[in-house]
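Keep in mind that what you see is a predicted model, and the values were worked out from it rather than measured.
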Amino acid sequence: EALAGWATQDPEAALAWAESSNVSQSPENNPYIVGVIKGVAEKDLQEADRLLWNLPPGNAKWQSSTFLAQEYAKLGTEQAIRWAENFPSKDSRMRETILGQLGARLARQDIPGTADWVSKMEHDKGSQRITDNLLMQWVSQDADGASKWVQGLENPEKRSYAMKQLTARW
């Protein structure tokens, strides 16, 4: 928390310290980077996002992206979706995980918005994770509504996948 506080005041100095004080000796697993991202996000979420994309693949990037998914979800469905749609697809595993986490958060606060978003997405592993989390929330609140949504999906692969998920949760 102290590092996050410092990063709010002087992000460049906090980042330089985090990079030079890395106890793991590998930049991709630097435990201090998450604190810097958290601090920067308090003042400038877009700058924190920019820092995220400059991180090498690894634990620090995973933890930071999970934190940013949470922060973007707080801004509402539309802004969170805009952030997610700009998520680079070069790391498909990370993209899938983050989309699933974001989908879970959004489904808890906006089932119709999350349903609309995932219905417009390409049928891939990321959309499957969102569908899983959406249906987990929806079925517990309104199984009939969830069923009608699944039946209305235009993409046959997506509808088939959603139908399997729906029946597993009913």
- Task: Take Ile81 and Leu106 through the test side-chain contact (heavy atoms from CB on, under 4.5 Å) and record every step on the way to the result.
- Result: CA-CA 9 Å; Ile81 289 171; Leu106 294 178; 4.2 Å; yes
- Query: Between Lys148 and Asp144, is there a side-chain N and carboxylate O pair less than 4.0 Å apart?
  - Reply: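 Asp144 and Lys148: salt-bridged.
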Any side-chain donor paired with an acceptor under 3.5 Å for [X] and [Y]?
{"X": "Gln46", "Y": "Arg50", "answer": "no"}
{"X": "Asp132", "Y": "Tyr161", "answer": "yes"}
{"X": "Trp53", "Y": "Asp49", "answer": "yes"}
{"X": "Ser147", "Y": "Gln151", "answer": "yes"}

- Query: Could you go step by step and tell me if Arg169 and Gln165 meet the side-chain hydrogen bond (donor to acceptor under 3.5 Å, both in side chains) rule?
  - Reply: CA-CA 6 Å; Arg169 286 163 174 73; Gln165 298 309 306; 2.9 Å; yes
Measuring only between side-chain heavy atoms, which start at C-beta, is [X] closer than 4.5 Å to [Y]?
{"X": "Leu102", "Y": "Phe87", "answer": "no"}
{"X": "Trp138", "Y": "Leu166", "answer": "no"}
{"X": "Val36", "Y": "Trp6", "answer": "no"}
{"X": "Glu19", "Y": "Leu15", "answer": "yes"}

- Task: Enter the distance from Met136:CE to Gln141:CD here, rounded to the nearest 0.5 Å.
- Result: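 The distance works out to 12.5 Å.
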- Task: For Glu78, look at atom CD and say whether over 12 heavy atoms of other residues, nucleotides or ligands are found less than 6.0 Å away.
- Result: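 Count not over threshold, so no.
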- Query: Quick check: does any side chain N or O of Asn30 sit under 3.5 Å from a backbone N or O of Asn22, one acting as donor and the other as acceptor?
  - Reply: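 Absent.
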- Is Ser127 reaching over with its side chain to a backbone N or O of Glu122, donor-acceptor style, under 3.5 angstrom?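 Side chain of Ser127 to backbone of Glu122: a pair is present.
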